[in-house]
Enquirer: 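Here it is, the structure in full.
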Amino acid sequence: MQNMTEATWLALQLVLSGDADLLEIVALSLQVSLSATFLACLIGLPLGALVAISRFPGRGAVLVVMNALMGLPPVVVGLIVYLHLSRSGPLGFLGLLYTPTAMIIAQTILIAPIVAALSRQVLEDMHAEYAEQFRSLCLGRWQAMQALIWDARYALLTVGLAGFGRAVAEVGAVIIVGGNIDHLTRVMTTAIALETSKGALSLALALGIVLLVIALGVNAAVQGVRMSAARHAYV
């Protein structure tokens with residue numbers, strides 16, 4: 001077990017020197033989380049837009065489910081994906097368990113409801129302002145969805161960044177379906193958990209520093225997008 005001072009010093013050295021193992025773990029984390037965020041946006045944004053502009057029986061129940069799914073327990077998602085991708089599962093023949101692809105699937109399932117629910121709220125508020133104009137122009141549902149998504153692009157970008165922030169910090173689901181295999185499925189959060197349990201605090205702290213920098217970067221980007229959107233609104 002390293003003492004705190006020694007571990008912190010070694011962690012800073014690992015970060016500043018660009019340690020190969022550290023960079024490999026960070027690169028895989030970004031690859032998995034960015035891929036999951038992209039897929040979640042492809043699913044969540046159209047779904048959120050569709051619910052935002054539609055009125056149908058049971059819509060209230062759909063909203064309750066969408067909001068409830070934002071709090072999906074990661075370990076439950078990981079277990080469900082594991083059961084489907086295991087050899088005895090319906091998708092076992094694909095051989096995806098303990099691969100980065102399985103981790104992307106789990107993260108996508110986790111953050112797609114977040115993207116859908118947040119984008120629904122943004123687009124519903126905007127649709128309330130534009131609904132009469134859309135009707136006067138005789139726009140179809142798909143055209144209205146496209147117009148809303150484009151006009152709300154800055155706000156929706158913050159939704160995507162929020163989804164990425166949730167994905168990159170995820171540990172429960174990815175460790176179940178990825179297995180935390182060295183040089184294959186080891187990402188920042190799972191590596192931090194493993195190295196801490198081993199008492200090897202230097203790498204865990206180094207990865208923690210990188211993760212904090214990414215979190216700060218995401219929050220700064222969200223704030224920057226909001227400020228940019230506000231400026232454009234008054235142009």
Side-chain angles (χ1 to χ4, degrees), residues 33-86 89-92 94 96 101-170 172-174 176-177 222 225-226 229 233:
S33 296
L34 287 171
S35 299
T37 303
F38 176 74
L39 292 174
C41 287
L42 285 182
I43 298 168
L45 291 181
L47 179 59
L50 180 62
V51 175
I53 68 173
S54 301
R55 297 295 181 270
F56 51 87
R59 184 174 183 274
V62 170
L63 295 182
V64 170
V65 171
M66 286 180 67
N67 291 328
L69 290 177
M70 292 177 66
L72 274 174
V75 290
V76 174
V77 172
L79 177 60
I80 292 172
V81 175
Y82 177 91
L83 292 174
H84 280 78
L85 297 182
S86 64
L91 301 177
L94 296 175
L96 295 178
T101 301
M103 298 160 70
I104 292 171
I105 293 171
Q107 286 195 357
T108 300
I109 294 172
L110 272 173
I111 63 177
I114 297 175
V115 173
L118 294 179
S119 62
R120 193 276 310 169
Q121 183 61 60
V122 170
L123 297 174
E124 185 171 331
D125 293 342
M126 184 170 289
H127 183 253
E129 299 177 17
Y130 293 169
E132 189 173 336
Q133 185 177 358
F134 287 163
R135 284 193 294 268
S136 67
L137 295 173
C138 299
L139 293 184
R141 181 173 297 178
W142 176 245
Q143 292 174 309
M145 288 169 54
Q146 287 179 305
L148 287 174
I149 290 174
W150 173 253
D151 205 47
R153 59 192 181 278
Y154 293 107
L156 295 178
L157 183 55
T158 66
V159 171
L161 289 171
F164 171 75
R166 175 70 177 83
V168 78
E170 165 51 32
V174 294
I176 292 176
V177 301
V222 168
V225 169
R226 286 177 178 171

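Predicted model, so just to flag it, every value in this text is computed and none were measured. Note: hydrogens, waters and symmetry copies are ignored here, and every other heavy atom, side chains too, is used.
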Enquirer: Looking only at non-hydrogen atoms, find the nearest pair between Pro46 and Cys41 and report the distance.
Expert: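 Looking at all heavy atoms of both residues, the shortest contact is CD-O, 3.6 Å.
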Enquirer: Which atom pair, heavy atoms only, marks the closest approach of Ala117 to Met70?
Expert: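 Closest heavy-atom pair between Ala117 and Met70: CB-SD, 3.4 Å.
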Enquirer: How close do Val122 and Ala152 get, counting heavy atoms only, and between which atoms?
Expert: CG1-CB, 4.1 Å
Enquirer: Specify the closest pair of heavy atoms between Ala52 and His127, including all atoms of both residues, with the distance to one decimal.
Expert: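 Heavy atoms only, the tightest pair is O-ND1, 4.2 Å.
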Enquirer: Tell me which pairs pass salt bridge (charged side-chain N to carboxylate O under 4.0 Å, His left out) where either residue lies in residues 104-117, with sequence neighbours left out.
Expert: none
Enquirer: Name every donor-acceptor pair, under 3.5 Å, that has one atom in a side chain of residues 72-79 and the other anywhere in the protein, sequence neighbours excluded.
Expert:
none

Enquirer: Applying salt bridge (charged side-chain N to carboxylate O under 4.0 Å, His left out) as the test, list every pair that has at least one member in residues 63-72; sequence neighbours left out.
Expert: none
Enquirer: Which atom pairs, one a donor and one an acceptor, fall under 3.5 Å between side chains of residues 104-114 and the rest of the protein, sequence neighbours left out?
Expert:
| residue | atom | partner | partner atom | Å |
| --- | --- | --- | --- | --- |
| Gln107 | OE1 | Ser33 | OG | 3.4 |
| Gln107 | NE2 | Ala167 | O | 3.1 |
| Thr108 | OG1 | Ile104 | O | 2.7 |

Enquirer: So Ile43 and Val115, do their side chains get closer than 4.5 Å, heavy atoms only?
Expert: no
Enquirer: Which value, rounded to the nearest 0.5 Å, describes the distance between Leu161 atom CG and Leu156 atom CG?
Expert: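 Between atom CG of Leu161 and atom CG of Leu156 there are 11.0 Å.
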Enquirer: Only counting residues at least two apart or in another chain, list the ones meeting side-chain contact (heavy atoms from CB on, under 4.5 Å) with Ala144.
Expert: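 Once residues adjacent in sequence are excluded, the partners of Ala144 under the side-chain contact (heavy atoms from CB on, under 4.5 Å) criterion are Ile53, Phe134.
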Enquirer: Just wondering, do Ile176 and Val81 contact through their side chains at under 4.5 Å, heavy atoms?
Expert: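 They are not in contact (no side-chain heavy atoms under 4.5 Å apart), so the answer is no.
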Enquirer: With Asn67, which residues qualify under side chain to side chain donor-acceptor pair (under 3.5 Å), at least two apart?
Expert: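 Residues passing side chain to side chain donor-acceptor pair (under 3.5 Å) with Asn67: none at all.
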Enquirer: Considering only residues two or more places apart or on different chains, which pairs with a residue in residues 157-166 satisfy side-chain hydrogen bond (donor to acceptor under 3.5 Å, both in side chains)?
Expert: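 As it turns out, the side-chain hydrogen bond (donor to acceptor under 3.5 Å, both in side chains) pairs with a partner in residues 157-166, which skip direct neighbours, are Arg166-Glu170.
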Enquirer: Quick check: do Leu91 and Leu96 have side-chain heavy atoms less than 4.5 Å from each other?
Expert: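 No, too far: nothing below the 4.5 Å cut-off.
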Enquirer: Can you tell me if Ser119 uses its side chain to pair, donor with acceptor, with the backbone of Ala116 under 3.5 Å?
Expert: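 Yes, Ser119 side chain to Ala116 backbone: donor-acceptor pair under 3.5 Å.
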Enquirer: Kindly state each residue pair satisfying salt bridge (charged side-chain N to carboxylate O under 4.0 Å, His left out) with at least one member in residues 38-54, sequence neighbours excluded.
Expert: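 Sorted result for residues 38-54: empty, none.
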Enquirer: Of the non-hydrogen atoms in Phe56 and Val62, which two are nearest, and what is the gap between them?
Expert: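 Answer, listing the atom of Phe56 first, then Val62: CE1-CG2, 3.8 Å.
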Enquirer: Is there a side-chain contact between Arg153 and Leu157, using heavy atoms and a 4.5 Å cut-off?
Expert: no
Enquirer: Closest approach of Leu148 and Leu123, non-hydrogen atoms and distance?
Expert: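 Here Leu148 and Leu123 meet closest at O-CD2, 3.6 Å.
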Enquirer: Would you mind listing every salt bridge (charged side-chain N to carboxylate O under 4.0 Å, His left out) that reaches into residues 110-121, with sequence neighbours excluded?
Expert: Arg120-Glu124
